[in-house]
Every structure is written in structure tokens, then in C-alpha cells.
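Worksheet: one structure, shown below.
Residue numbers begin at 1 in each chain, while the letters A, B, ... track the order of the sequences.
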Number of protein chains: 2
Amino acid sequence: MHRTRIRIVEDALDANNTIARANRDDFDRHGVTVLNLMSAPGAGKTALLECALAARPPGVRIGVLEGDVQGSYDSDRLAGFHVPIVQLNTDSGFGGECHLDANMVRSALPALPLDELDLLVIENVGNLVCPAEFRVGEDVRVMVSAVTEGEDKPLKYPLMFRACELVVVNKIDLLPHLEFDLERLLYNIDQVHPDVDKIVLSSRTGEGVDAWREWLMRLAVRAAEGVAV
Amino acid sequence: MHRTRIRIVEDALDANNTIARANRDDFDRHGVTVLNLMSAPGAGKTALLECALAARPPGVRIGVLEGDVQGSYDSDRLAGFHVPIVQLNTDSGFGGECHLDANMVRSALPALPLDELDLLVIENVGNLVCPAEFRVGEDVRVMVSAVTEGEDKPLKYPLMFRACELVVVNKIDLLPHLEFDLERLLYNIDQVHPDVDKIVLSSRTGEGVDAWREWLMRLAVRAAEGVAV
């Protein structure tokens with residue numbers, strides 16, 4: 001029974017990868033660089049997007065695909081930035097899935113003005129497990145780890161920390177009020193993903209946020225200039 | 001394609017419920033009350049278990065089934081309490097699933113000394129979506145929501161908040177350092193699950209923890225006395 005389950009999972013991931021490649025071809029054809037933003041619930045993905053959108057340079061065109069099980073709370077939060085936002089709910093025809101997959105993203109493509117974008121940020125469903133297993137056609141994957149979640153998360157959810165090109169460590173304004181060893185977290189991240197890029201910040205106080213904005217805008221500007229990631 | 005996916009999901013949940021009932025029959029036959037403990041990663045499930053185990057009354061026999069994708073970090077944390085602990089990893093033969101299901105729990109039953117337990121606490125994988133969809137044969141479900149995750153979580157993950165008999169709101173020692181409206185969170189919980197039991201606490205400072213211990217011990221004592229939940 002277990003072997004059957006694993007085969008079904010592998011077949012599903014194969015099918016997903018095929019659709020992810022089709023999405024990637026479409027993104028490439030329109031010259032859009034795509035970032036898949038992942039984290040546990042409440043780690044601060046939307047707040048990081050707010051920081052980035054507030055300081056985007058003129059001429060850099062950013063769009064957002066908001067993934068949630070249901071509701072449009074994050075889309076509503078971002079509405080004031082006047083960028084194209086498409087809401088994708090996994091409970092509408094997708095069985096309430098705990099992650100975005102390539103097929104769901106594909107279903108949203110017609111609603112996205114790809115020709116008018118340089119960078120598309122896909123905010124995934126808050127979850128440290130399955131989003132890391134499903135490519136959606138993205139160029140780059142970023143995960144956010146809040147210090148309130150504990151130093152052990154890289155060891156308990158290694159696939160997520162291994163799947164990304166950048167780990168953003170958020171909520172460091174709370175460090176004085178936690179029994180939390182930042183060096184231990186960074187060590188644990190390196191244990192599962194040696195030398196991955198890391199940015200340590202607080203989206204609330206703004207400490208370290210410049211590095212995140214610069215990282216993201218470098219990606220966006222290179223996309224706008226047509227340079228491959 | 002979407003309809004097929006939903007049918008597959010429904011079939012899987014039907015099969016799961018059948019096995020969950022078999023688990024429940026086994027638990028009932030041995031007189032064990034079973035609690036399914038769920039939350040997002042890092043909300044404090046293990047810390048709440050530590051609080052409870054440290055103050056369990058003599059004669060109340062508690063066991064723990066620890067669910068993780070991989071590793072045994074929480075089992076190691078609890079080892080000093082000298083209660084039966086069985087580690088269940090979803091990446092060993094279960095495809096790295098993001099939740100426990102009835103079949104996984106069933107596979108762990110032979111390792112559990114059911115005849116020597118009054119209360120079994122199953123600590124689920126940290127995830128606000130799928131654990132709520134899969135009954136494992138439990139009598140009671142408790143979810144933990146940390147105030148660091150934001151007030152919007154009941155609205156974004158309603159199934160989880162709706163599936164449980166008790167919501168524990170944890171990490172209230174951090175309230176002075178957050179822009180967080182506790183009344184708004186409690187209101188949002190009631191929006192998706194009117195009048196569900198709620199306990200507000202900090203497992204770190206101990207504030208409110210007595211209410212949690214009493215709630216759990218009432219369950220355990222009733223189980224020890226053979227009273228149906």
C-alpha cells in the first residue's frame with residue numbers, strides 16, 4: 001500500500017513538472033521572471049511584498065499571484081499598490097489543496113497581463129511542506145522563516161529550506177523577547193542547504209529590509225532588461 | 001480534470017475514515033482517550049505538551065505519538081518525562097506527507113502500549129490545512145494558534161479552526177511587542193466556529209497555562225475513570 005502511494009505521488013509530481021515547464025515557456029516567451037514565495041502561515045510573505053512594492057523603482061513592472069485556500073485578504077492588503085493582482089483559491093475546484101501546483105497557476109495565466117510585467121511574484125499557500133514539492137514554472141524560489149517559529153524548522157522541514165535560492169529570516173525585532181538563538185538558526189539552515197543566500201530582517205521595523213528590496217529589484221531589473229536569471 | 005481530482009480526494013477521505021473508525025474501535029476497546037493536537041509550524045504544540053506532562057497527576061497515564069515529516073526533535077524534547085513516546089515520520093514509506101492520516105497512525109499502533117494508557121496525545125505535523133481533513137481515530141481535536149501568526153488565520157484556514165473542540169491561543173507574552181489585536185483574533189475564531197472553547201496563554205511565562213492543564217487533565221481523568229468523552 002505504501003509503495004502504491006509513493007508511485008501515485010511520483011506520477012502526480014511528473015505530471016506537475018510537465019505543466020510547470022509549459023508555464024515556464026509561457027513566462028519566458030513574455031519575458032517575465034517569476035518568483036515563488038513560500039513560508040509557514042503568518043511568517044510575513046505579504047509584509048515582505050508590501051515592503052518591496054512600496055519602493056519599486058519606476059519602470060519595473062511587478063505583478064502578484066496570490067495563493068490561498070480561500071479568501072482574498074492578502075490581495076486586499078496589496079490593492080493600494082496598483083499592480084496587477086490575481087487571486088487564486090485552492091478551494092475553488094482544486095479540493096482545498098495546501099499548496100499551489102502548476103495546473104492551478106496555469107489556470108490563472110489568462111487573467112495575468114504577462115506582456116505588461118517584468119516580475120511576477122507568486123505568493124504560495126502558507127505551508128512548510130507541500131509547496132516545496134510542486135514547481136509552478138518559477139525561475140526563483142524564496143522562503144521566509146520567522147524567528148518566532150523556532151531554530152529547529154530547517155531540520156524538521158528540510159525540503160523547503162533546500163528548495164529555495166534565498167531564505168529570508170523575518171521578525172528579528174522580536175529577538176529580545178524570545179529565547180531564540182539566531183546563530184543556531186543560520187547554522188541549521190546551512191546544515192540542510194549549505195551557503196544558500198540569507199537575508200535577516202524585520203519587515204515591521206525596516207531593519208535589514210533594504211537588502212531584501214535590493215535582492216528583489218536586482219531580479220526585477222535584470223528581468224526588465226531581458227537578462228536571463 | 002478538476003472534477004477528477006476532487007473525486008480522488010473524496011475517495012481518499014472515505015478510505016481514511018474507514019481506517020480512522022478501526023483505530024477508534026481499538027482505542028475504545030483499550031479505554032484510551034485520544035487527542036489530535038494540530039497547529040502551524042512553531043505555534044507551540046510541544047511546549048504545551050511539556051507544560052501538561054510536567055504537572056500530570058499521579059495515576060493518569062499519558063502517551064504521545066509524535067508526527068513529523070522527518071527527525072525526532074520533539075520526541076527527544078519530551079524524553080525526560082518518561083512517558084511512552086512513539087515517533088511517526090511521514091517520509092518513511094508515506095511519501096513525506098504534510099499531515100498524519102489514519103493509516104499512518106494505524107501503522108504505529110503495535111508500538112503503543114494501549115493497555116497502559118488513559119490518554120494518548122497525537123502531535124500532528126505542523127500545518128494549518130491538511131491535518132484538519134484527516135481524522136485519525138481521535139476523540140478530541142485541539143489546535144494551537146500563536147499570536148505571532150496574525151489575527152487573520154481563522155479566516156484564511158477556517159477548516160482547521162472549525163474542526164477542533166478547543167483553540168489554544170499561545171505566545172501572549174509577546175503581545176506588548178506586536179501590532180496584534182487579541183479581541184480581533186477571538187472574534188475571527190467565533191466567526192468560523194461560534195462558541196468553540198478557547199484558552200489564552202503563554203507556555204513560556206506560564207500565564208493561563210493552568211486552564212490548559214485543567215482542561216487536558218479533566219479529559220485524562222475522565223478517561224482513567226472510564227467515562228466516555
Side-chain angles (χ1 to χ4, degrees), chain A residues 1-3 5-10 12 39-44 46-47 68-71 73-74 77 90-99 103-104 107 125-133 145-153 155-160 171 173-174 176-179 204, chain B residues 1-3 5-10 13 39-44 46-47 68-71 73-74 77 90-99 103-104 107 125-133 145-153 155-160 171 173-174 176-179 204:
Chain A
M1 175 150 185
H2 300 169
R3 200 166 298 166
R5 181 198 299 264
I6 289 169
R7 202 174 57 236
I8 291 171
V9 170
E10 286 174 353
S39 78
T46 312
D68 284 294
V69 177
Q70 67 178 66
Y73 304 98
D74 295 339
R77 271 175 71 181
T90 69
D91 76 342
S92 327
F94 297 110
E97 294 273 7
C98 60
H99 57 273
N103 185 50
M104 297 178 209
S107 76
V125 178
N127 180 346
L128 283 186
V129 186
C130 299
E133 295 175 19
S145 183
V147 296
T148 44
E149 296 165 15
E151 304 97 338
D152 58 351
K153 292 302 161 291
L155 307 176
K156 293 173 82 172
Y157 303 90
L159 184 62
M160 174 59 75
K171 306 197 187 183
D173 56 295
L174 295 174
H177 315 294
L178 301 173
E179 284 150 40
R204 188 167 163 236
Chain B
M1 174 150 186
H2 299 169
R3 200 165 298 168
R5 181 199 296 266
I6 289 169
R7 204 174 55 235
I8 290 170
V9 170
E10 284 173 353
L13 289 176
S39 78
T46 312
D68 285 295
V69 177
Q70 68 177 67
Y73 304 97
D74 295 338
R77 271 175 72 181
T90 68
D91 75 343
S92 327
F94 297 110
E97 295 272 7
C98 60
H99 58 274
N103 185 49
M104 296 178 209
S107 76
V125 178
N127 181 347
L128 283 187
V129 186
C130 298
E133 295 176 18
S145 183
V147 295
T148 44
E149 297 165 14
E151 303 98 338
D152 57 351
K153 292 302 162 290
L155 306 176
K156 293 172 83 173
Y157 303 91
L159 184 62
M160 174 59 76
K171 307 197 186 182
D173 56 294
L174 295 174
H177 314 295
L178 301 172
E179 285 151 39
R204 186 165 163 240

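Of the two parts of B:Pro176, neither the backbone nor the side chain holds a non-hydrogen atom closer than 4.5 Å to a non-hydrogen atom of chain A.
Among residues two or more places apart in sequence or in another chain, the side chain to side chain contact (heavy atoms under 4.5 Å, CB included) test is passed with B:Asp152 by A:Asp74, B:Lys156. Remark: A:Leu178 engages A:Val147, A:Thr148, A:Leu174, A:Phe180, B:Leu174 in a side chain to side chain contact (heavy atoms under 4.5 Å, CB included) (not counting sequence neighbours).
To the nearest 0.5 angstrom, A:Cys98 atom SG is 11.5 Å from A:Leu128 atom CG.
Ranking A:Gly96, A:Ala40, A:Pro158 against chain B, the residue ahead of the rest is A:Pro158, based on heavy-atom pairs under 4.5 Å. When B:Val69, B:Asp68, B:Leu155, B:Thr90 are compared by the number of non-hydrogen pairs under 4.5 Å with chain A, B:Leu155 comes out ahead.
Using modelled atom types, one side-chain atom of A:Tyr157 and one backbone atom of B:Gly126 make a donor-acceptor pair closer than 3.5 Å.
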